[in-house]
**Student:** 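My structure is below; once you've seen it, I'll send some questions.
Heavy atoms only: backbone and side chains are in, while hydrogens, waters and symmetry mates are out.
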Amino acid sequence: MALVITVPICLLLAVAGLAVHGRAVALDDARTTLSEVDLSLRIQALVHQLQRERGLTNGLLGGEEEFRPPLAVTRKRVDTALRGMRGESAVEDVIQRHLQRLADIRAATDTDTADRAGTLTFYTTAVEALNAVDPVAATATGANRQLRGDLGALRELAAAKESVALERGFLNGVFAEGGFHGREYLTFTEVRATRVAALARFRQVATAPQRAALKNAFGTEDAERATGYENRAEGAADGSALHADAGAWWDAMTVLVDDLYAVQQSVGDDARDRAGRLGDNAEIGLAVHLVAGALVAALVAGLAAFASRSLTRPLGALAASAHDVARHRLPAAVARIQQSPQDHAELLPPADAPDNPDPRLLGGAAEIAEVAASLQQVEHTALRLAAQQAGLRRNTTESLANLGRRNQNLVRRQLSLITRLERQELDPDALAELFELDHLATRMRRNAESLLVLAGQNPPQPTAAPADCLEVVQSAVAEVEQYRRVLIATVEPARVRGHAVADVAHLLAELIENGLTFSPPTEPVEVHGWYDTEDDMYCFAVVDHGIGMSEADRERANARLSDAGEEAFLAAPTRFLGHLVVGRLAQRLGEGAQVHLFDTTGGGLSALLALPGRLLAPVEGPSASPPPARPAVSSLLNGFRAGVARAEARSTQGASS
């Protein structure tokens, strides 16, 4: 349905757009033509004055001194016309190339040192160049038919007028010298032939009034007198002497040239008026087409609104349903399945359950209803997959937990047996080997307990009596392999409540073993302990000087330590299981217990465990072996606080986003 509506709408808009574009082009063409006709008339005004200067200069060089005063006046008119053409790039370029020597030509004429033929050629070349850049020559090809005729007539009349003006100036010099010399007669015939051809072309494209104006220009007494002089010049083809009054010839031909210039201006006015009318018509046509285009756009908008009514409502309902499934229903159902007891079949839709789309979708197209049904099928499939994954994860976790409990029981029995053997053994070497075996069994017990921690099983039975912090550290050191490399630095006296002793020792053992694994065999791992009165917490610091971690890896590790419950250990990479064990042990210790990693000064990694005051028991008197001095732990504590502040900032930013 959308395709059926879209195709005719697009065609309608295309037609309207083409019509508006055509009117806009016509208006632009009319305005361009009008400006170019104005430029053409200004060019012809300059040409007219140059033609006059050429004729007077040629007569003066022929010996007629009476032409000097009108020549001075004409030169001023030429200069004025040249200044008026400034700013027209094409015309100014012609002026620079062809009239640059104008001052030199004038000076040579005034001193009677100029060559008459060369001077005539200079002016003629400049006039022809100006006529060549006349813009009506290019405009005539794309204009209206009548306007094209006016522009063609204007162009041909300019060529005819140039021939008449050139003949006037040329014969002015011939009459002044009293005859033709060299090839001058041939030049005279070529000029007359050019004029005849141009006038013939003008009559073909001109209107009747324009042809009548041309006829009147050639029908005056001065024009007839000029024709008589021309006939006299034709009779001197053999080089015989010509006895003609150059001044009378100049006056008669000047009247004819001025009359032709008047006709030229009249034709230019006709072209300008016609271009103005075309521009007005184009403006009206553009306005009409714009109004029609607006109506078409309104019609299209109405059709689109009408057509979209049958689509937007069901599509909106479909989008809302998909959003509800993706953001609420599906995550909630998956969470219920994962948190439900083992039997969760009642939470799943039947395999053959019919699809029941939203009733709001039934009013839309059949394709929308099919999409809704497919969306519901996707939801059912996702729920079944989630149930399968939850069951598989539950079974795997229970299997690992069962295996961990079995190993734990076996290790306990093994430790009991080793303890009995140690009590009975009197040989020091055999006793040392039993101690090593006891140490290995202790590590195996910690691994089994780590597996139970990852599986989310209940913590071991709480110890009845509190333990000193130094005893907790020693218990943790006893559960690592390379315990001889562990340096227990200053541990300030404090007691950990009985229910937290095992978890704290286990957590410290994991941190110590991590430091031993990632530091050189010759470097010790230091353990510090102190009470921070400012924050009312007891801190354990495990410091190594190993390879350390990159900033990005350390950020991810700290996030894993603080959000251990958010990542299932079956989905986490195996090399990060120690981080998950530490994080979950910290969670079991309750609110306020935190573990944070940061760089060690000089290289390596430091881990700091902070226990809140509620996990500490009162000290029952002075310690039997008080530490000699408090360690310099301010830098460790400052690093811990800065890291915790950054973690809280990231957590706040994530919650707000």
**Student:** Please report the closest heavy-atom contact between Ser475 and Ala505, naming both atoms and the distance.
**Tutor:** OG-CB, 4.0 Å
**Student:** With a 3.5 Å cut-off and no angle check, do the side chains of Gln587 and Arg584 form a donor-acceptor pair?
**Tutor:** no
**Student:** I need the minimum non-hydrogen distance between Asp468 and Pro493, along with the two atoms involved.
**Tutor:** OD1-CA, 4.5 Å
**Student:** So does Glu492 get a backbone contact from the side chain of Tyr538, meaning a donor-acceptor N/O pair under 3.5 Å?
**Tutor:** yes
**Student:** Would you indicate whether the side-chain heavy atoms of Val501 and Val472 approach each other to under 4.5 Å?
**Tutor:** yes
**Student:** Quick one, Leu608 and Phe598 - any side-chain contact, counting heavy atoms below 4.5 Å?
**Tutor:** yes
**Student:** Does a donor on one side chain and an acceptor on the other come within less than 3.5 Å for Arg485 and Thr522?
**Tutor:** no
**Student:** How long is the span from the CG atom in Leu511 to the OG atom in Ser606, to the nearest 0.5 Å?
**Tutor:** 11.0 Å
**Student:** Could you walk me through whether Arg588 and Asp503 pass the salt bridge (Lys or Arg N to Asp or Glu O under 4.0 Å) test, one step at a time?
**Tutor:** CA-CA 8 Å; Arg588 287 201 333 198; Asp503 287 342; 2.8 Å; yes
**Student:** Is Asp535 reaching over with its side chain to a backbone N or O of Met537, donor-acceptor style, under 3.5 angstrom?
**Tutor:** no
**Student:** Please find the pair of heavy atoms, one from Val480 and one from Ala509, that lie closest to each other, and give the distance.
**Tutor:** CG1-O, 3.6 Å
**Student:** Less than 4.5 Å apart, side chain to side chain, heavy atoms only: is that true for Glu471 and Val496?
**Tutor:** no
**Student:** Going through the distances and angles, do Phe540 and Val504 end up as a side chain to side chain contact (heavy atoms under 4.5 Å, CB included)?
**Tutor:** CA-CA 10 Å; Phe540 292 98; Val504 173; 4.2 Å; yes
**Student:** Would you name the heavy atoms of Ser519 and Val525 that are closest together and state the gap between them?
**Tutor:** OG-CG2, 4.0 Å
**Student:** Hey, could you give me the CG/NE2 distance between Leu585 and His506, rounded to the nearest 0.5 Å?
**Tutor:** 5.5 Å
**Student:** Distance from Asn558 atom CG to Met549 atom CE, nearest 0.5 Å?
**Tutor:** 8.0 Å
**Student:** Within the structure provided, determine whether Ile488 and Glu526 are in side-chain contact (heavy-atom separation under 4.5 Å).
**Tutor:** no
**Student:** When rounded to the nearest 0.5 angstrom, what is the spacing between CG in Asp544 and CG in Leu516?
**Tutor:** 8.5 Å
**Student:** Identify the two heavy atoms, one from Gly546 and one from Pro520, that lie closest to each other, and give their separation to 0.1 Å.
**Tutor:** CA-CD, 3.9 Å
**Student:** What is the distance from atom CZ of Arg614 to atom CD of Glu591, rounded to the nearest 0.5 Å?
**Tutor:** 7.0 Å
**Student:** Shortest non-hydrogen contact from Ala593 to Ala586?
**Tutor:** CB-O, 3.8 Å
**Student:** When you compare the side chains of Thr517 and Asn514, does any donor N or O come within less than 3.5 Å of an acceptor on the partner?
**Tutor:** no
**Student:** Given side chains that start at C-beta, do those of His528 and Val491 come closer than 4.5 Å, heavy atoms only?
**Tutor:** no
**Student:** What's the separation between atom CD in Glu555 and atom CZ in Arg560, rounded to the nearest 0.5 Å?
**Tutor:** 12.5 Å
